[in-house]
Student: 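Before we start, here is the structure in question, set down as structure tokens.
All chains are named by letter (A, B, ...) in the order of the sequence lines, taking the proteins before the strands, and each is independently numbered beginning at 1. Heavy-atom basis, side chains included; hydrogens, waters and symmetry copies ignored.
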There are 2 protein chains.
Amino acid sequence: MAPKEKATDTASTKVAEALAEAIHEHRIAPGTKLNEDEVGEVFGVSRTVIRAALQQLAHQRLVELKRNRGAFVARPTVKEAREVFEARALLEPTMTRHAAERMTDADVAILQSHIDAEHAALAAGQTGKALQLSGQFHVEVARIADQSTIEEIIAQLVARSSLIIALYWQRRAALCESNAHHALIRALANKDGALAEELMKNHLLDLLTSLDLREQTSAPQSLSEALKA
Amino acid sequence: MAPKEKATDTASTKVAEALAEAIHEHRIAPGTKLNEDEVGEVFGVSRTVIRAALQQLAHQRLVELKRNRGAFVARPTVKEAREVFEARALLEPTMTRHAAERMTDADVAILQSHIDAEHAALAAGQTGKALQLSGQFHVEVARIADQSTIEEIIAQLVARSSLIIALYWQRRAALCESNAHHALIRALANKDGALAEELMKNHLLDLLTSLDLREQTSAPQSLSEALKA
DNA sequence: TGATCCAAAATCGTATACAATATCGTGCAC
DNA sequence: GTGCACGATATTGTATACGATTTTGGATCA
């Protein structure tokens with residue numbers, strides 16, 4: 001339960017991870033300004049490390065940096081949402097096929113543990129946690145495919161997807177995901193690359209269509225941002 | 001000719017761009033340590049902005065950050081080289097097809113000007129510059145496809161490719177590239193999506209096979225690095 | 001001679017201080 | 001009463017100072 005200390009990581013990374021988790025769990029609303037002094041006080045560190053953390057998050061597109069204005073939690077547009085899933089649609093099915101060809105028993109166990117943890121989190125009402133674990137499943141597939149470069153790209157896209165889902169999710173069908181993952185894991189365990197690829201393709205499409213991507217879904221968070229947009 | 005000042009960019013970005021250019025043109029050898037004080041003196045700024053710049057470059061995988069040890073120019077492995085081109089192979093052909101469908105006369109002109117500039121640089125012996133322009137061609141294709149998210153990913157992959165090419169290029173066939181781009185531009189101008197897609201796929205394969213990716217091509221830059229690897 | 005340990009130097013990580021810029025409120029002119 | 005200008009305030013951008021960690025060199029001892 002205690003956060004595992006990665007001694008090799010710098011302080012800014014830990015802050016970035018904490019902020020990312022908060023953003024993914026939608027505890028910080030998109031568009032929120034992240035004041036450096038304020039955040040620094042919360043984490044008990046100086047602005048130096050906060051700035052480094054914010055820069056990391058900006059590279060992941062989880063926050064937006066505006067010169068002399070500050071950092072704001074990203075508010076992915078509908079277009080961006082589509083683009084992220086378009087990118088995933090181009091990368092992940094092929095990764096899944098490759099993963100099926102290299103699948104080991106250990107890999108099956110790892111993926112299964114992800115699903116289990118996801119179910120546990122869901123049962124405990126930890127929606128954010130479940131979402132993160134669900135995303136991690138996709139990253140693991142790329143890892144199994146032994147494509148670390150694409151794995152990183154997918155990790156970033158998954159992180160952005162998490163924010164997108166938090167924003168545009170039309171509430172319903174919370175566990176259909178796990179079912180999709182369950183079918184996927186079976187195809188992967190059977191080394192059925194073609195089926196796994198197809199399942200992943202459909203899974204991503206399902207995810208996309210489960211979003212409400214009509215233009216300007218809800219009223220903008222703040223009036224000021226709305227008028228500037 | 002003068003570097004255009006982007007007033008909206010922070011100082012660290014300018015330093016990062018300058019360093020990136022130097023790395024791409026292979027004026028700084030892979031594996032070279034980038035001492036913060038030293039680099040800071042060169043650019044006449046403090047370590048604060050240098051650190052920010054190095055962090056940006058680390059995110060692009062152009063430099064590697066080692067805790068308490070410093071920043072080193074990245075030395076992509078053979079595996080990483082293959083992975084980068086695998087990622088590009090998954091993304092760019094589809095982008096090319098989409099670009100063909102949205103191509104305007106202005107876009108044709110832009111792409112043509114890229115090729116012309118590339119030829120000019122090549123004629124002037126500016127190999128590094130030509131390489132960069134050649135890469136920019138690929139980024140432009142994604143822009144024309146109106147996929148800014150994938151455009152960013154490709155931009156990053158192209159940047160890494162530039163370093164990879166500088167490392168693993170087996171000297172020969174310098175201008176076959178431009179020919180490939182020329183054929184591509186014609187297919188794009190004719191809005192022949194299928195042909196453009198195929199040409200891009202082959203072009204990327206050509207690029208990959210033009211590299212010498214046998215294990216451990218040349219002797220490592222430094223003994224110390226060699227022994228640690 | 002070789003290895004080991006320790007101290008000194010170098011370098012990175014973080015905090016603080018100062019400068020530049022943007023934001024916001026107030027007052028004045030019309 | 002409205003619009004604009006200007007100064008006060010807040011916030012970011014950059015530089016510098018200090019502490020922590022690593023590296024390096026030499027001295028000591030087997």
Side-chain angles (χ1 to χ4, degrees), chain A residues 3 5-19 28-29 31-59 62-74 220-229, chain B residues 3 5-19 28-29 31-59 62-74 220-229:
Chain A
E5 291 285 336
K6 300 178 197 168
T8 58
D9 274 353
T10 188
S12 64
T13 300
K14 277 187 270 189
V15 172
E17 284 170 2
L19 280 174
I28 313 178
T32 304
K33 167 156 185 173
L34 298 174
N35 183 294
E36 294 178 356
D37 282 322
E38 217 171 317
V39 180
E41 187 123 0
V42 170
F43 288 96
V45 293
S46 77
R47 282 179 50 218
T48 306
V49 3
I50 298 299
R51 284 178 69 82
L54 291 176
Q55 203 180 324
Q56 287 182 239
L57 293 173
H59 276 281
L62 256 50
V63 311
E64 194 178 347
L65 255 41
K66 301 184 182 178
R67 178 177 171 98
N68 286 322
R69 302 250 346 252
F72 302 81
V73 177
Q221 298 286 92
S222 73
L223 270 314
S224 56
E225 284 289 326
L227 300 179
K228 277 171 200 157
Chain B
E5 292 284 337
K6 301 177 197 168
T8 58
D9 275 353
T10 189
S12 64
T13 300
K14 278 187 269 189
V15 171
E17 285 171 0
L19 280 174
I28 313 179
T32 304
K33 166 155 186 173
L34 298 175
N35 182 292
E36 294 179 357
D37 283 322
E38 216 171 319
V39 179
E41 187 123 1
V42 170
F43 288 96
V45 293
S46 78
R47 281 178 52 218
T48 306
V49 0
I50 297 300
R51 283 178 69 82
L54 291 176
Q55 203 180 325
Q56 288 181 238
L57 293 173
H59 276 282
L62 255 51
V63 312
E64 194 178 347
L65 255 42
K66 301 184 181 177
R67 179 178 173 94
N68 284 324
R69 303 246 352 249
F72 302 81
V73 176
Q221 299 286 90
S222 73
L223 269 316
S224 56
E225 284 289 326
L227 299 178
K228 277 168 199 159

Student: Distance check needed: C:dT14 C1' versus B:Arg67 CZ, whole Å only.
Tutor: 10 Å

Student: Using atom CZ of B:Phe72 as one end and atom P of D:dT23 as the other, report the distance to the nearest whole Å.
Tutor: 9 Å

Student: Please state how far atom CD in B:Gln56 lies from atom P in D:dG13, giving the value in whole angstrom units.
Tutor: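 Whole-Å distance recorded here is 12 Å.
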
Student: Given atom CG of B:Asp37 and atom P of C:dA9, what is their separation to the nearest angstrom?
Tutor: 17 Å

Student: Taking the side chain as everything from C-beta on, heavy atoms only, tell me whether B:Thr13 gets closer than 4.5 Å to B:Glu17.
Tutor: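 With C-beta onward as the side chain, the pair touches.
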
Student: Using a cut-off of strictly less than 4.0 Å between a heavy atom of the residue and any atom of DNA chain C, enumerate the qualifying residues of residues 42-50 of chain B by number.
Tutor: B:Arg47

Student: Expressed in angstrom and rounded to an integer, what is the separation of A:Glu64 atom CD from D:dT12 atom C1'?
Tutor: 16 Å

Student: Can you check the A:Glu36 CD to C:dT21 P distance for me, whole Å?
Tutor: 16 Å

Student: Figure out the NZ/P separation between A:Lys33 and C:dA22, and round it to whole Å.
Tutor: 12 Å

Student: Please report, rounded to the nearest Å, how far the C1' atom of C:dC12 is from the CG atom of B:Asn68.
Tutor: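 It works out to 6 Å between those atoms.
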
Student: Name the closest nucleotide to the B:Arg51 side chain, picking from D:dT14, C:dT21, C:dT14.
Tutor: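 Nearest nucleotide to the side chain: C:dT14.
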
Student: Rounded to the nearest 0.5 Å, what separation is found between the CG atom of B:Asn35 and the CZ atom of B:Phe72?
Tutor: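 With rounding to 0.5 Å, CG (B:Asn35) is 10.0 Å from CZ (B:Phe72).
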
Student: Working note: B:Ile28 + B:Leu19, criterion side-chain contact (heavy atoms from CB on, under 4.5 Å); need CA distance, chi angles, decisive distance, verdict.
Tutor: CA-CA 9 Å; B:Ile28 313 179; B:Leu19 280 174; 4.2 Å; yes

Student: Of B:Asn35 and A:Ser12, whose nearest nucleotide on DNA chain C comes first from the 5' end?
Tutor: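 Looking at DNA chain C, the more 5' nearest nucleotide goes with B:Asn35.
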
Student: Hey, what do you get for CD (A:Gln55) to NE2 (B:His59), rounding to the nearest 0.5 Å?
Tutor: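 So the CD of A:Gln55 and the NE2 of B:His59 are separated by 6.5 Å.
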
Student: Got a second to check how far B:Arg51's CZ is from A:Arg51's CZ, nearest 0.5 Å?
Tutor: 13.0 Å

Student: Taking CD in A:Glu36 as the centre, count heavy atoms belonging to other residues, nucleotides or ligands within less than 6.0 Å. Is the count above 12?
Tutor: yes

